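To start, the structure itself, in structure tokens.
Order of appearance sets the numbers: ligands from 1, and atoms from 1 within every ligand. Side-chain atoms are counted along with the backbone in the values below, which use heavy atoms only and exclude waters and symmetry mates. Computed from a predicted model, the values in this text were never measured in an experiment.
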Amino acid sequence: MKVIALCGSPRNGNTEFYLTQVLNHLKAQGHETSLILLKDKKVEQCTGCYQCIDQKACVVQDDFQAVFQEMIEADCIVAGSPVYNGSITPRLKAVLDRAGFSARWMKNELNTTDKKYNWGQMVFSRKLFAPITVARKTGQTFAWSQMALWAGVNDLVLVGSNYWTVGTAGTSGSKNADEDIEGASIMEHLADNLHFLLTKIHQ
Ligand SMILES: Cc1cc2nc3c(=O)[nH]c(=O)nc-3n(C[C@H](O)[C@H](O)[C@H](O)COP(=O)(O)O)c2cc1C
């Protein structure tokens with residue numbers, strides 16, 4: 001099964017460390033994995049043009065298009081972000097905003113007769129989704145919830161671990177996620193859960 005990880009950090013740091021750990025675990029179990037570093041991508045925020053309703057695609061042409069294609073092809077999406085002022089980072093938010101709307105309107109029409117939405121299948125329906133956040137001190141669960149809410153509104157299946165999938169690292173910009181022993185074991189258990197579920201889905 002195909003697993004991708006979206007890394008919302010603007011640097012090669014602690015978030016990438018955890019995402020790599022999860023991907024390596026899954027790769028060792030035979031899954032196809034891919035790490036997408038959003039720091040290397042040019043992704044504008046959603047312009048709110050609503051052209052995706054008619055065009056069935058995001059009309060803003062930048063690196064989002066390739067990232068979105070990877071998301072479509074994945075069976076499982078792991079999204080990781082450092083906590084910035086209690087939130088996920090802007091580039092990851094931009095990807096999630098545009099991906100959510102694009103996926104929704106690719107498979108749905110705007111019902112203009114009674115002004116009521118009646119959503120059906122969506123592009124991301126039943127894909128597995130796991131959020132990971134990292135902070136020096138606090139804000140992980142709020143940022144984690146931002147991603148969980150995105151999964152919840154876009155018909156993905158949220159996968160957890162034996163604790164919230166958050167790490168504590170990064171004082172004064174340090175790259176020391178390897179010192180968070182509990183964080184590493186939480187991520188390992190998450191990877192176990194993902195492998196278990198992906199195997200069941202594949203049967
Ligand atoms: C602009 C900025 C805002 C931050 N805001 C928070 C915060 O709200 N809470 C916190 O505990 N750490 C905060 N941090 C620290 C980072 O979350 C922490 O260093 C994290 O490990 C960085 O992850 P990375 O190495 O993947 O980039 C902030 C760092 C930056 C640069």
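Looking at E32 and K27, no side-chain N of the basic residue comes within less than 4.0 Å of a carboxylate O on the acidic one, giving no salt bridge. In summary, R98 and D62 engage in a salt bridge, as defined by a charged side-chain N under 4.0 Å from a carboxylate O.
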Enumerate donor-acceptor pairs with a distance under 3.5 Å from any side-chain N or O in residues 134-141 to protein atoms, sequence neighbours excluded.
| from | atom 1 | to | atom 2 | distance (Å) |
| --- | --- | --- | --- | --- |
| Q140 | NE2 | G167 | O | 3.0 |

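Legend: residues meeting side chain to side chain contact (heavy atoms under 4.5 Å, CB included) with M106, ordered by chain and number and at least two apart, are F68, I72, V123.
A tilted orientation is assigned to the rings of W150 and F129, their planes being inclined by 30° to 60°.
Listed as neighbours of ligand 1 are S9, R11, G13, N14, T15, P82, V83, Y84, N85, G86, V134, A135, R136, K137, T138, A169, G170, each bearing a heavy atom under 4.0 Å from the ligand.
Its side chain outside the 4.5 Å cluster rule for every partner, M122 clusters with none of the Ile, Leu, Val, Met, Phe, Trp and Tyr residues.
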